[in-house]
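Reading through the structure tokens given below for one structure.
In each ligand, atom 1 is the first atom listed, and ligand 1 is the first ligand listed. Owing to the predicted nature of the structure, the values given are computational and were not obtained by experimental measurement.
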Amino acid sequence: MAEEDQELLHLFLVMEKGMASSRDRSEAFFSYLEKMFSVSLKEMEAFINGFHSEMKKGLSGAESSLKMIPCFVDRPTGSERGDFLALDLGGTNLRVLAVTLDGKRSSTISATHKFVIPKEKMQGTGVVLFDYIAHCIDLFLTEYQMDRGKNYDLAFTFSFPVEQMGVASGNLITWTKGFTATGVRGRDVMVLLREALRRNHIQCINLTALANDTVGTLAAGGYVDPACDLGVIMGTGTNACYRERIGRIGRVKSAYDGEYMIVNLEWGNFDGVARTFYDRILDQNSVNPGAMYLEKMVSGMYLGELARIVLLDLIKRDLILVNEPTAGACFTEKRSFTTEDMSRFEGDTGEGLEKIASFFREKGIPKVPFHERKKIKHLCSILSRRAAGLGAAAITAVLSWMDPQLDRGHTVAVDGTLFEKYPGFKAGMRHVFKSLLGDKAEKIALVHTKDGSGKGAAIIAAVAAAVRSPKK
Ligand code: BGC
């Protein structure tokens with residue numbers, strides 16, 4: 001337990017001694033939780049300073065918790081055009097899309113199919129995973145009766161840390177978000193995809209570009225808005241990329257024709273943030289302990305799990321669901337409480353908190369008193385507030401790195417279910433911008449860039465295709 005957590009817990013235990021009712025003890029424990037998960041302005045500022053120093057190290061190629069991966073591409077100009085396929089492998093789903101760019105800052109998705117990735121494909125061998133991807137592409141081509149005699153440029157949005165060698169190649173550094181498929185780490189994922197297409201007799205695809213989802217999101221944002229210089233994902237995982245001056249990216253040694261390049265921060269791995277006792281338990285129980293600390297505090301894959309761990313602790317201490325002997329058993333299984341549940345709880349604005357009641361009824365706990373439902377909703381808000389706050393602090397860190405005085409306006413393209421759907425998440429972020437930056441917070445436009453990763457990858461494919469065959 002961190003020293004500060006220990007102190008707080010001690011305080012709580014001392015207070016608890018003089019408390020007769022379990023309701024008082026529970027109140028006291030909730031104030032303890034509030035303190036434990038709150039991030040003060042001073043801590044946010046320290047977070048930003050720490051972030052800057054990790055960015056600097058990462059850009060120079062030194063050891064850093066921020067990988068700062070050069071992506072060998074810049075923001076689009078808006079004049080890119082053509083028809084492309086995009087393959088989006090991110091969290092729990094795989095999407096195949098057909099995208100048309102009109103060359104006038106507008107794009108349309110003419111076909112799309114979402115496939116669920118079964119756990120055995122995520123956690124089996126790389127061959128099984130990539131064969132499944134090829135199979136999904138095959139189904140898509142058939143569903144939309146695409147002419148297999150033609151050639152289609154396909155952009156692969158691969159939302160994991162990849163060391164890019166160029167715009168169309170990159171080696172997986174490590175899996176995140178619960179993926180563990182073997183034989184992929186250290187390999188070029190474009191080669192693995194090409195081999196899978198060959199094994200599955202799909203010959204009509206040119207693999208044109210490889211992009212992180214944040215890069216796709218920035219490209220999609222930049223295609224419509226030239227002020228967009230930051231792409232952010234707040235969904236199953238979390239990460240960002242931004243435009244950097246080539247002279248500041250010491251780790252790029254190969255030739256690159258351009259003044260700016262997009263850099264993928266892989267900020268989910270940032271480790272300069274204080275973790276609580278509960279964060280540590282979550283980390284130890286994860287498939288990648290010791291890594292992705294920020295992601296584990298901020299993203300949809302983990303928030304619900306963190307809430308479950310706290311909830312279970314509260315139940316064990318007899319501080320919540322006190323008269324329900326079966327309650328503990330309902331939350332012992334990993335992922336028996338999800339971020340979606342949290343989102344539903346926080347979205348329950350009804351006077352009687354009926355949605356929350358019905359959640360517990362379905363779990364076989366029919367009589368959760370109102371004041372306890374309110375408390376559990378409050379627990380969700382404690383965790384989501386911290387997540388939104390840390391997300392906003394990370395965005396502020398990147399913007400102030402690019403533009404220390406925030407002299408110009410910045411459009412931040414954001415995608416991901418947490419940002420899009422979680423009640424109050426965006427407002428929580430805005431609140432932190434205001435606290436950190438005062439009136440300058442107005443310079444930040446957070447724009448939800450729906451389908452950014454898919455559309456944006458197509459835009460990057462267009463940039464790459466243009467480089468391959470420049471106009472005469
Ligand atoms: C991955 C990033 C990705 C982010 C959002 C993280 O787990 O490491 O590459 O951009 O999730 O999908």
Side-chain angles (χ1 to χ4, degrees), residues 54 58 64-71 73 86-95 114 117 122-123 155-164 170-181 184-186 189-190 209-221 230-242 262-271 282-283 286-303 305-306 339 387 390-391 394-395 398 412-422 425 448-457 460:
E54 290 296 281
S64 166
S65 66
L66 293 175
K67 295 194 175 70
M68 309 302 289
I69 301 169
C71 298
V73 71
L87 178 68
D88 188 358
L89 177 73
T92 40
N93 297 312
L94 169 76
R95 282 214 318 159
K114 191 156 114 184
I117 311 169
M122 289 163 65
Q123 302 191 340
F156 186 17
T157 308
F158 185 72
S159 310
F160 300 94
V162 159
E163 190 61 59
Q164 295 210 213
N171 294 338
L172 175 68
I173 301 171
T174 183
W175 283 118
T176 57
K177 296 177 284 197
F179 278 68
T180 54
V184 187
R185 263 178 75 163
V189 292
M190 291 293 259
L210 173 66
N212 186 260
D213 50 353
T214 57
V215 180
T217 302
L218 171 51
L230 184 57
V232 174
I233 298 287
M234 298 227 163
T236 310
T238 186
N239 186 19
C241 71
Y242 73 111
I262 297 177
V263 171
N264 167 11
L265 286 121
E266 284 296 334
W267 79 18
N269 195 49
F270 180 61
D271 62 4
L282 179 132
D283 178 52
S286 70
V287 295
N288 54 350
M292 305 302 280
Y293 288 154
L294 185 63
E295 177 156 287
K296 286 171 184 166
M297 294 177 174
V298 170
S299 81
M301 168 117 196
Y302 301 100
L303 271 183
E305 182 61 4
L306 189 60
T339 309
L390 292 176
I395 290 178
V398 185
V412 182
V414 195
D415 201 4
T417 37
L418 206 57
F419 179 79
E420 185 189 358
K421 301 209 169 121
Y422 198 102
F425 204 85
H448 178 216
T449 309
K450 192 150 179 62
D451 297 324
S453 53
K455 276 189 189 171
I460 288 171

[X] heavy atoms, cut-off 4.0 Å: which ligand 1 atoms fall inside?
{"X": "Pro161", "answer": "8 (O), 9 (O)"}
{"X": "Met292", "answer": "7 (O), 8 (O)"}
{"X": "Ile233", "answer": "5 (C), 12 (O)"}
{"X": "Glu266", "answer": "1 (C), 2 (C), 8 (O), 9 (O)"}

**OP:** Before signing off on this row, confirm whether Thr214 and ligand 1 have an N or O atom pair separated by under 3.5 Å.
**Re:**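 Between Thr214 and ligand 1, no N or O pair is found under 3.5 Å apart.
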Original post:
Are any of the N or O atoms of Lys177 closer than 3.5 Å to those of ligand 1?
Top reply: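 N/O-N/O distance under 3.5 Å: yes.
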Original post:
Would you say the side-chain atoms of Asp213 and Ser159 include a donor-acceptor pair closer than 3.5 Å?
Top reply: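 There is such a pair between these side chains.
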Would you say the side-chain atoms of [X] pair up with the backbone N or O of [Y], donor to acceptor, closer than 3.5 Å?
{"X": "Glu163", "Y": "Ile173", "value": "no"}
{"X": "Thr157", "Y": "Ala457", "value": "no"}
{"X": "Lys455", "Y": "Gly216", "value": "no"}

Once you round to the nearest 0.5 Å, how far does [atom1] of [X] lie from [atom2] of [Y]?
{"X": "Leu418", "Y": "Met301", "atom1": "CG", "atom2": "CE", "result": "13.5 Å"}
{"X": "Phe156", "Y": "Leu87", "atom1": "CZ", "atom2": "CG", "result": "5.0 Å"}
{"X": "Glu295", "Y": "Asn288", "atom1": "CD", "atom2": "CG", "result": "8.0 Å"}

**OP:** Please lay out, stage by stage, how Trp267 and Val398 fare under the test side-chain contact (heavy atoms from CB on, under 4.5 Å).
**Re:** CA-CA 10 Å; Trp267 79 18; Val398 185; 4.0 Å; yes
**OP:** Note the single closest protein heavy atom to atom 12 (O) of ligand 1, along with its residue, its atom name and the distance in Å.
**Re:**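 In this structure, atom 12 (O) of ligand 1 has Asp213 OD2, 2.6 Å as its nearest protein heavy atom.
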Original post:
To which protein heavy atom is atom 6 (C) of ligand 1 closest, and what is the distance rounded to 0.1 Å?
Top reply: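 Going by distance alone, atom 6 (C) of ligand 1 is nearest to Glu295 OE1, 3.1 Å.
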**OP:** Examine ligand 1 and decide if any of its atoms is less than 4.0 Å from a heavy atom belonging to Gly235.
**Re:**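 Under 4.0 Å: no for Gly235.
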**OP:** Would you check whether Met301 reaches within less than 4.0 Å of ligand 1, judged by its heavy atoms?
**Re:**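 Judged by the 4.0 Å heavy-atom criterion, Met301 does not count as contacting ligand 1.
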**OP:** May I ask you to identify, for Asn212, whether its side chain, its backbone, both or neither come under 4.0 Å of ligand 1 on a heavy-atom basis?
**Re:**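 Just the side chain.
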